[in-house]
A.B. asks: 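Please read through the structure below; I'll follow up with questions.
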Amino acid sequence: MDNKWVERIDDLANRRAKIMQAGGEARVAKQHSQGKLTARERMEALFDEGTFVELNDMITSRATDFGMDKKAVAGDGVITGYGKIHGRVVFASSQDFTVNGGSLGEAHAKKICLAMDKAMEMKAPFISMNDSGGARIEEGIDSLAGYAEIFLRNTIASGVIPQISVIMGPCAGGACYSPAICDYIFMTQENAQMYITGPAVVKSVTGETITAGDLGGSSVHAGKSGVAHFVYEDDLACLNGVRRLIGYLPDSNLEVPAAVATKPVDNCEAIADIVPSNPKAAYDVRDVINCFIDNGSFFEVQPDFAKNIVVGFSRIDGETVGIVANQSNYIAGSLEIDASDKAARFIRFCDSFNIPLVTLVDVPAFMPGSNQEHNGIIRHGAKLLYAFAEATVPKISIIMRKAYGGAYIAMNSKGLGADVVYAWPIAEIAVMGASGAVAIIGRKAIEAAEDKDAKRQELIDEYNNKFMNPYVAAEHGYVDEVIHPAETRDKIVKALDMLKNKEQERPFKKHGNIPL
């Protein structure tokens with residue numbers, strides 16, 4: 001090897017060493033002291049061991065204003081590349097808070113966009129890890145344009161490849177909208193923050209004193225705003241959660257999720273002991289779900305938000321299914337604004353990525369009240385109707401107990417396009433409950449009766465006997481079969497197998513106009 005080779009190889013080694021140093025030992029130590037991994041450590045933890053390949057590691061900011069040329073670092077505060085998760089290729093970006101606070105400038109955004117473009121070309125999932133002070137003020141409009149380029153790519157990729165955002169530090173201002181367009185948002189418990197306007201701005205405008213965590217911490221977004229889907233204790237646990245989610249998903253909308261080896265379990269004999277026949281008695285619908293899915297496979301989405309509806313991924317005979325279920329132990333499983341939004345978005349994701357849907361129905365109504373009406377329950381509830389009606393994946397419904405009125409229709413009813421509808425013998429499918437119905441249709445008879453209470457009870461009994469069962473719906477073709485609850489898994493397995501080759505043509509259109 002001649003001297004020029006030696007010189008150039010030494011120069012390459014020095015450049016690589018500087019890239020590996022990130023923001024320097026002191027800043028790395030500070031990152032670790034806050035319980036955070038570095039950007040590079042996050043990449044290594046995300047991917048299968050030894051598979052991460054870095055892209056565009058030497059891209060550097062061209063900005064010179066405000067002394068930025070003296071702060072320029074190769075890589076510009078973000079690591080991008082690809083690797084494998086469960087042996088499958090996935091692309092990712094990881095912002096480096098130790099370099100200029102992970103702020104986004106023109107070069108930083110370019111690196112992320114190049115990785116996103118490659119993910120789309122390869123039809124592979126894209127994961128963005130966020131830990132940034134936001135837009136790089138020194139780069140002005142170029143920084144804002146960089147965000148716009150990312151948002152555009154998020155939007156074009158939506159429904160084509162899975163997109164996951166992981167918030168592991170601050171994510172402020174316009175930066176929040178890339179995660180918001182993505183399919184799923186993960187947050188770490190202590191360090192993650194998302195807010196459009198920071199505490200200082202809030203105080204200056206409203207006079208309210210509030211901390212960053214109270215404004216946009218993980219508990220806020222997991223339980224109140226519904227922005228976050230998953231929360232984990234720390235970086236490592238969060239990335240393991242991302243890895244778990246990827247296991248349920250296909251690489252793109254051109255594929256179906258890969259089947260995995262699981263342990264099939266059928267505990268449906270226990271269902272009759274879990275679900276009380278009294279329609280007013282509560283139970284945990286997750287106990288029902290665990291009776292018919294593969295052992296330990298339920299991965300709940302947004303468990304702390306809109307608890308009246310449960311959504312998540314499971315496996316049945318090793319294959320991914322999406323579960324949507326009314327939760328009777330929280331406001332009786334009624335549908336309201338947040339539950340409608342939560343379920344509709346999950347349904348549309350499953351439909352985009354060829355994941356069959358199993359719906360468990362036990363719903364008394366859309367939530368009544370002026371608060372719901374004034375905040376748009378009509379508009380929000382329509383999202384749920386729209387999502388089920390729009391979906392062309394296999395759709396199976398189990399009517400467990402109550403199925404009343406418009407809420408029955410919204411929960412994947414036959415009329416909305418459910419492929420197979422089963423009902424248990426205790427199912428009640430009607431416009432409303434017996435007491436409410438009799439108060440309307442039996443009002444004159446009750447008023448004319450000598451013993452009004454006896455007449456009311458007589459009419460209630462008559463209504464219950466005639467309508468509060470699944471057999472009228474079965475006679476009219478709205479229920480395909482009334483089944484013993486012990487048969488639930490077997491019926492679902494056979495229906496999914498029958499529906500594997502389902503094809504459904506819809507009229508050509510650019511896209512529908514979902515009531516947002």
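For clarity, every value in this text was computed on a predicted model and none was experimentally measured.
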A.B. asks: If we only count heavy atoms from C-beta on, is the His221 to Ile185 side-chain gap below 4.5 Å?
C.D. replies: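 Of all side-chain heavy-atom pairs linking Ile185 with His221, none is under 4.5 Å.
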
A.B. asks: Could you go through Gln189 and Asp234, starting from their C-alpha distance and side-chain angles, then the distance that decides it, and tell me whether this counts as side-chain hydrogen bond (donor to acceptor under 3.5 Å, both in side chains)?
C.D. replies: CA-CA 6 Å; Gln189 207 160 46; Asp234 55 28; over 6 Å; no

A.B. asks: Surrounding CD of Glu49 (heavy atoms of other residues, nucleotides or ligands, distance under 6.0 Å), is the total greater than 12?
C.D. replies: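 Result for CD/Glu49: open.
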
A.B. asks: List the steps and the verdict of side-chain hydrogen bond (donor to acceptor under 3.5 Å, both in side chains) for Glu428 and Tyr404.
C.D. replies: CA-CA 8 Å; Glu428 299 178 348; Tyr404 297 164; 2.5 Å; yes

A.B. asks: I'd like to know whether CZ of Phe47 has more than 12 heavy-atom contacts from other residues, nucleotides or ligands below 6.0 angstrom.
C.D. replies: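 Above 12, so yes.
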
A.B. asks: Taking all non-hydrogen atoms of both residues into account, name the closest pair between Ala410 and Leu385 and its distance.
C.D. replies: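 Result for this residue pair: CA-CD2, 3.5 Å.
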
A.B. asks: Can you confirm whether Glu44 sits close enough to Phe52 that some side-chain heavy atom of one is under 4.5 Å from a side-chain heavy atom of the other?
C.D. replies: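 The answer is yes, as the side chains (C-beta and beyond) meet within the 4.5 Å cut-off.
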
A.B. asks: Would you please test Ser178 and Asn154 for side-chain hydrogen bond (donor to acceptor under 3.5 Å, both in side chains) and show each step?
C.D. replies: CA-CA 7 Å; Ser178 174; Asn154 286 138; 2.7 Å; yes

A.B. asks: So which heavy atom on Thr488 is nearest to which on Ile271, and how close?
C.D. replies: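 Closest approach of Thr488 to Ile271, heavy atoms only: OG1-CD1, 3.9 Å.
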
A.B. asks: Flag this pair as yes if the NZ/CZ of Arg315 is under 6.0 angstrom from the six-membered ring centre of Tyr248 and inside a 45 degree cone about the axis; otherwise no.
C.D. replies: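 Relative to the ring axis of Tyr248, which defines the angle, Arg315 lies inside both limits.
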
A.B. asks: Test Gln95 against every option in Met129, His108, Met168 by the side-chain contact (heavy atoms from CB on, under 4.5 Å) rule and name the one that passes.
C.D. replies: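 Of all the options given, the one that passes is His108.
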
A.B. asks: Any side-chain heavy atom of Ile337 within less than 4.5 Å of one from Arg379?
C.D. replies: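 Contact flag for Ile337/Arg379 side chains = no.
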
A.B. asks: Taking the side chain as C-beta and beyond, is there a heavy-atom pair between Ile246 and Ile164 under 4.5 Å?
C.D. replies: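 A side-chain contact under 4.5 Å exists here.
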
A.B. asks: Is there side-chain contact between Val285 and Ile274, with at least one heavy-atom pair below 4.5 Å?
C.D. replies: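 No. Closest side-chain heavy atoms not under 4.5 Å.
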
A.B. asks: If we count only N and O atoms by modelled type, under 3.5 Å, do the side chains of Asn412 and Ser397 hold a donor and an acceptor together?
C.D. replies: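 Result is yes, a qualifying pair exists.
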
A.B. asks: Can you establish whether the number of heavy atoms outside Glu481 located under 6.0 Å from its atom CD is more than 12?
C.D. replies: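 Check passes, neighbour count above 12.
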
A.B. asks: Ring-plane angle category for Phe313 and Phe349, please: parallel below 30°, perpendicular beyond 60°, tilted otherwise.
C.D. replies: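 Taking Phe349 first and then Phe313, their aromatic rings stand perpendicular (interplane angle over 60°).
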
A.B. asks: Should the heavy atoms of other residues, nucleotides or ligands under 6.0 Å from NZ of Lys502 be counted, would the total exceed 12?
C.D. replies: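 Atom NZ in Lys502 is packed in, count exceeds 12.
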
A.B. asks: Which pair of non-hydrogen atoms, one from Pro515 and one from Tyr386, has the smallest distance, and what is that distance?
C.D. replies: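 Shortest heavy-atom separation between Pro515 and Tyr386 comes out as CD-CD1, 3.8 Å.
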
A.B. asks: Side chain of Asp497, backbone of Val493: donor and acceptor closer than 3.5 Å?
C.D. replies: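 Checking the backbone N and O of Val493 against the side chain of Asp497, no donor-acceptor pair under 3.5 Å is found.
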
A.B. asks: Just checking Asn501: does its CG atom have more than 12 heavy atoms from other residues, nucleotides or ligands closer to it than 6.0 angstrom?
C.D. replies: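 No, CG of Asn501 has 12 or fewer neighbouring heavy atoms, counting only those of other groups under 6.0 Å.
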
A.B. asks: Counting only heavy atoms not in Ile378, do more than 12 sit closer than 6.0 Å to its CD1 atom?
C.D. replies: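 No, not enclosed.
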
A.B. asks: Is the shortest side-chain heavy-atom distance between Asp362 and Tyr283 below 4.5 Å?
C.D. replies: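 SC-SC contact between Asp362 and Tyr283 confirmed.
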
A.B. asks: Take a 6.0 Å sphere around NZ of Lys84 and say whether it holds more than 12 heavy atoms from other residues, nucleotides or ligands.
C.D. replies: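 Open.
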
A.B. asks: Using 30° and 60° as the class boundaries, would you call the ring planes of Tyr147 and Phe151 parallel, tilted or perpendicular?
C.D. replies: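 Because their plane-to-plane angle is under 30°, the rings of Tyr147 and Phe151 count as parallel.
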
A.B. asks: Determine whether Ser128 and Ile112 make a side-chain contact, defined as any pair of heavy atoms from C-beta on separated by less than 4.5 Å.
C.D. replies: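 When only atoms from C-beta onward are counted, Ile112 and Ser128 do not touch, as no gap falls below 4.5 Å.
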
A.B. asks: Check whether any side-chain heavy atom of Ile377 lies under 4.5 Å from a side-chain heavy atom of Phe366, and answer yes or no.
C.D. replies: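 Heavy-atom side-chain distance check passes, below 4.5 Å.
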
A.B. asks: Does Glu255 CD have over 12 foreign heavy atoms under 6.0 Å away?
C.D. replies: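 Enclosed.
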
A.B. asks: I'd like to know if the side chain of His86 reaches the main chain of Arg243, judged simply by a donor and an acceptor atom lying under 3.5 Å from each other, with no hydrogens or angles considered.
C.D. replies: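 At least one qualifying donor-acceptor pair exists.
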
